Trainee: 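Pasting a structure here, questions to come.
Side-chain atoms are counted along with the backbone in the values below, which use heavy atoms only and exclude waters and symmetry mates. In listed order, ligands and their atoms are each counted from 1. Along the sequence shown, residues are numbered consecutively beginning with 1. Source: prediction; values computed, not measured.
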Amino acid sequence: MIDETHDPGLRSWVESANRAGCEFPIQNLPLGVFRLKGEKQARCGVAIGDFILDASGWLSSETLNGYMALPASDRRQLRLEWSRILRAGSPERELLPQTGAEMLLPARIGDYSDFYASIHHATNVGRMFRPENPLFPNYKHVPIAYHGRSSSVFASGTAIKRPSGQRGQGDFGPTRELDYEVEIGAFVGPGNAPGEPIPISEARQHIVGVCLVNDWSARDIQRWEYQPLGPFLSKSFATSISPWVITTEALEPFREEAATHETDPLPYLQESQAGAFNIMVEAWLLGRGMRQPVRLSRSSFREMYWTLPQMLTHHTSNGCPARPGDLIASGTISGPEKENRGCLLELTEKGKEPVRLPDGEERVFLEDGDQIVLRGHCKRDAFVSIGLGCCAGTIVAAG
Ligand code: CA
């Protein structure tokens, strides 16, 4: 629902929020959990320009789980309140500079699942392994996913230690094929009781907001272990997420019709309203000796075959409960063109074509010291653009 909080004419008394290109204008108001330098206690906050509005007067917890458990109408009401407090003309109040705050995980993530919702990613990867039949016959009927590990979901900025594992038969050691995957994650809202699936018509109310996700992957370990049950240790060593939760309400102007399905989904997955979000996502690499980061890819989240509501409805369709603060990730976001490929496995055609970088360097997979930064933006005519912040991680040596 578009309301006064989306008005493109709204300005804030926080000057940095009105700057052209600011990721956190007053139309965004993302939520996060932060800790001030020298303090022990974490607090919930709302990002506005370069600052944080301390939200502990409304949310007196060290995580956003309680907020996420609220009904969608209460979450909308809070957004309205913060929008009114921060808009130009309202009395100014004390804010905290983002530079003085350490951003933590926004929620205590009970469970984390990772989908495979980009048909372009599934086709590109499938072609490498099964050129004659890249997509499995189930792809267009059932949203594919696996259960991930919430214990290794880390906030942006956490160093990523190169994992060791079985790289093939009789060969244990540090992965030689470390990769990233550009994804969007969604935090679950109130959720469902055991045995009571979330119908597709209600799924949107159970999605609180989104973040950027980097599903770090060790391809040599993955290749050896993934059959027949799917990825295990090749993924579970680390997943990085951006710290600000961009709410479903903030994303409302950027909601669009999903990509067309050749095959009608089963009735329980059919959406009557537009269920896709138009978010451009980018991956940037900064190697140890590089002067400037280089963009490796950009792609649109709108191109996914399955939407977030379809993923959540499918996830709970067997009665499995989803709880406030659970994280579901979309799977690698790739598009039809080469520049839309959201991981090195795809960009390098399984390592056959190195990515050439400006300084004469090249990459097949990630090296120690490499930093990957994911970014995301939403733009639409007649609305103010918003950003998702960033999700960064730097590779450190095994050992
Ligand atoms: Ca993934």
Trainee: Under the side-chain hydrogen bond (donor to acceptor under 3.5 Å, both in side chains) rule, collect the residues that match up with Thr63, sequence neighbours excluded.
Mentor: Asn65

Trainee: Can Asn278 and Glu256 be said to form a side-chain hydrogen bond (donor to acceptor under 3.5 Å, both in side chains), step by step?
Mentor: CA-CA 7 Å; Asn278 190 2; Glu256 292 187 10; 3.1 Å; yes

Trainee: What is the name of the N/O/S atom of Asp215 that is nearest to the Ca ion (ligand 1)?
Mentor: OD2

Trainee: If the Ca ion (ligand 1) is the vertex, what is the angle to OE2 of Glu183 and OD2 of Asp114, rounded to 10 degrees?
Mentor: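 Approximately 90° at the metal, rounded to tens of degrees.
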
Trainee: Which is the closest N/O/S atom of Glu181 when seen from the Ca ion (ligand 1)?
Mentor: OE1

Trainee: Donor-acceptor pairs are to be reported for all side-chain atoms of residues 243-251 against protein atoms at under 3.5 Å, with residues two or more places apart or in another chain.
Mentor:
{"residue": "Thr247", "atom": "OG1", "partner": "Ala250", "partner atom": "N", "Å": "3.1"}
{"residue": "Thr248", "atom": "OG1", "partner": "Ile207", "partner atom": "O", "Å": "2.4"}
{"residue": "Thr248", "atom": "OG1", "partner": "Val208", "partner atom": "O", "Å": "3.1"}

Trainee: Quick one, Tyr305 with His261, criterion ring-ring contact (aromatic ring centres under 6.0 Å, His included). Give me CA distance, side-chain angles, the key distance, then yes/no.
Mentor: CA-CA 7 Å; Tyr305 196 80; His261 285 219; 3.9 Å; yes

